[in-house]
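When a residue number appears, it is its place in the shown sequence, counting from 1.
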Amino acid sequence: MSQSSPALLSPEYGDSLMTVAQFAARYPHLYKNTHRVRWLVRDRTTNGLTQFGAVVEVFNAGDRPAIYIHVPSWFAWMQAGGSQGSRQRSQRAAIGGAP
């Protein structure tokens, strides 16, 4: 089955939606690789990306959702310390500290 195009989602998004691969390729100076961005998207409910509306899921019948990054919301999340906060939480959890 084909995935929905971000342009077909809603006019409010305009050109501000990108796939994870597109985002990682467009902003290589932000993250080492696509896998880091995928990890952040996977952990979106605990790191705050969901609350900022930075990840958009498009559900197709019978398929896993197509995931898009809403770029302005992602950068708002970063400005609020989202990326740093998720790194600190994961470091505390790795050494057995409080989440």
Side-chain angles (χ1 to χ4, degrees):
M1 293 195 177
S2 64
Q3 292 183 348
S4 296
S5 166
L8 298 176
L9 295 176
S10 172
E12 71 185 76
Y13 289 116
D15 294 333
S16 61
L17 290 181
M18 294 184 180
T19 65
V20 172
Q22 289 169 334
F23 182 81
R26 174 68 178 88
Y27 302 104
H29 56 285
L30 295 177
Y31 300 101
K32 287 183 181 180
N33 53 45
T34 304
H35 300 293
R36 176 66 181 141
V37 179
R38 286 190 198 288
W39 182 260
L40 289 168
V41 169
R42 183 178 298 133
D43 196 32
R44 63 188 170 270
T45 56
T46 57
N47 65 20
L49 284 169
T50 299
Q51 290 85 349
F52 273 81
V55 177
V56 177
E57 298 179 11
V58 178
F59 290 90
N60 297 311
D63 288 341
R64 294 186 316 184
I67 302 291
Y68 296 99
I69 292 174
H70 183 247
V71 178
S73 297
W74 187 284
F75 286 122
W77 171 78
M78 288 179 68
Q79 284 184 317
S83 188
Q84 180 181 7
S86 65
R87 193 175 313 122
Q88 290 172 347
R89 282 191 298 274
S90 63
Q91 288 172 348
R92 284 194 303 263
I95 59 173

S.K.: What do the steps show when you test Tyr27 against Trp74 for side chain to side chain contact (heavy atoms under 4.5 Å, CB included), and what is the final call?
M.R.: CA-CA 12 Å; Tyr27 302 104; Trp74 187 284; over 6 Å; no
S.K.: Rounded to the nearest 0.5 Å, what separation is found between the CG atom of Leu40 and the CE atom of Met78?
M.R.: 9.5 Å
S.K.: Quick check: does any side chain N or O of Arg38 sit under 3.5 Å from a backbone N or O of His35, one acting as donor and the other as acceptor?
M.R.: no
S.K.: Answer yes or no: is there a donor N or O on one side and an acceptor on the other, between the side chain of Thr34 and the main chain of Ala21, under 3.5 Å?
M.R.: no
S.K.: Give the intermediate values and the outcome of side chain to side chain contact (heavy atoms under 4.5 Å, CB included) for residues Trp77 and Val55.
M.R.: CA-CA 11 Å; Trp77 171 78; Val55 177; over 6 Å; no
S.K.: Could you measure the distance from the CD1 atom of Ile69 to the CE atom of Met18? Nearest 0.5 Å is fine.
M.R.: 9.0 Å
S.K.: When hydrophobic residues are tied together by side-chain contacts of less than 4.5 Å, even through go-betweens, does Ile67 share a cluster with Trp39?
M.R.: no
S.K.: Mind listing the closest non-hydrogen atom pair of His70 and Ser73 along with its distance?
M.R.: ND1-OG, 2.6 Å
S.K.: Looking at every heavy atom in both Gln51 and Arg44, which two are closest together, and how far apart are they?
M.R.: OE1-O, 4.1 Å
